[in-house]
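Quick notes on the structure that follows.
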Amino acid sequence: MTMAQALVLERQHELKLRDIDLPMDVGPGMVKIKIHTVGVCGSDVHYYTHGRIGPFVVNAPMVLGHEAAGTVVEIGQGVTHLKVGDRVCMEPGIPDPNSRASRLGMYNVDPAVTFWATPPIHGVLTPFVVHPANYTFRLPDNVSFAEGAMVEPFAVGMQAATKARITPGDTAVVLGAGPIGTMVAIAALAGGCARAIVADLAQPKLDIAARYQGIIPVNIRENSIVSEVKRLTEDWGADIVFECSGSPKAWETIMDLPRPGGTIVVVGLPVEPAPFDIATASTKEIRIETVFRYAHQYDRAIALFASGRVDLKPLISETFAFKDSVAAFDRAVEARPSDVKLQIRMPD
Ligand SMILES: [Zn+2]
């Protein structure tokens, strides 16, 4: 253990920049990374404001942050695909590689998975972290650290687009234009959708999403999403609907959005059980898919960034210095509709 400065969530509502003991031994198969940029995620903010997410409760001080990029400064025994000086981003969830879920290729749903900044595991808002090399990915020269720190949330969009099984030319609907909804829409377009009709109540969020070619914004304060989708698809419906709002209200009319034989991909998580219109779903033979984080998406996300086909830089609203981390989180709590992603930069 080594004492290091970190952004520590002491308990609900109490964040402090202070020294804390963190593991820094670089064992076999591990790499030590000097952190450069960390994104502020809705889940980090939720632990700050609520002290828990579902069954995960903050019972002891925990370092926040899980969307990170940095530079390799030390490699452990047996690591061959990385070297000191490599610029990298890290996948925060580590499964048991021999678990039944991992052997099926679904390591994201391994019950034994540990994940940065999910109690009791510390996150990475601290200058250095030690991480398994196999979950550490080299960034090409033309992908910045800031973009590297966007790979984690974008991987959720990639997972949703993968689960949707997009056919080129599909029409997608995305309910919710928050950071995840917007990134799901961008991933769906990268995956072959001809257009993504994005619905939200907040016009500033829609304006940001609509900067991307192929995104059609619908303000549901002014227009019903059901009638807009009908109008845009000549009454047929959308091939794929991504539910990213997490609002139980979305479930009241969601079955009216897909075409017969269409698909709903559930990304947003309502806190309470939501009503589910089984009869309409069955009548249309709708396929329902769910998403829990992601598996096998980092290399593909990085490839899309490097190709220039996906540019998430317009989604980075503001960058804070590490010493101003608490202010960054208080700004995130404000939930300004014009903020998509806030990031924190570690000192050089
Ligand atoms: Zn995140």
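We count ligands from 1, going down the list as the structure has it; atoms in each ligand are counted the same way.
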Metal-centred angle, the Zn ion (ligand 1) as apex - SG of Cys41, NE2 of His66, 10° resolution: 100°

With distance as the sole test, does Lys163 use its side chain to make a donor-acceptor pair with the main-chain N or O of Thr290 at under 3.5 Å? yes

Minimum-distance N/O/S atom that Glu152 presents toward the Zn ion (ligand 1): OE1

Quick check: does Glu67 put an N/O/S atom under 2.8 Å from the Zn ion (ligand 1)? yes

Give a yes or no on whether the ring-centroid distance for Phe154 and Phe305 is below 6.0 angstrom. yes

Hey, can you pull the donor-acceptor pairs under 3.5 Å for the side chains in residues 168-185, sequence neighbours left out?
from, atom 1, to, atom 2, distance (Å)
Asp170, OD2, Thr167, N, 2.9
Thr171, OG1, Arg195, NE, 2.9
Thr171, OG1, Arg195, NH2, 3.3
Thr182, OG1, Ala177, O, 3.2
Thr182, OG1, Gly178, O, 3.0

Say you draw a straight line from OG of Ser245 to CG of Asp200; how long is it, rounded to the nearest 0.5 Å? 8.5 Å

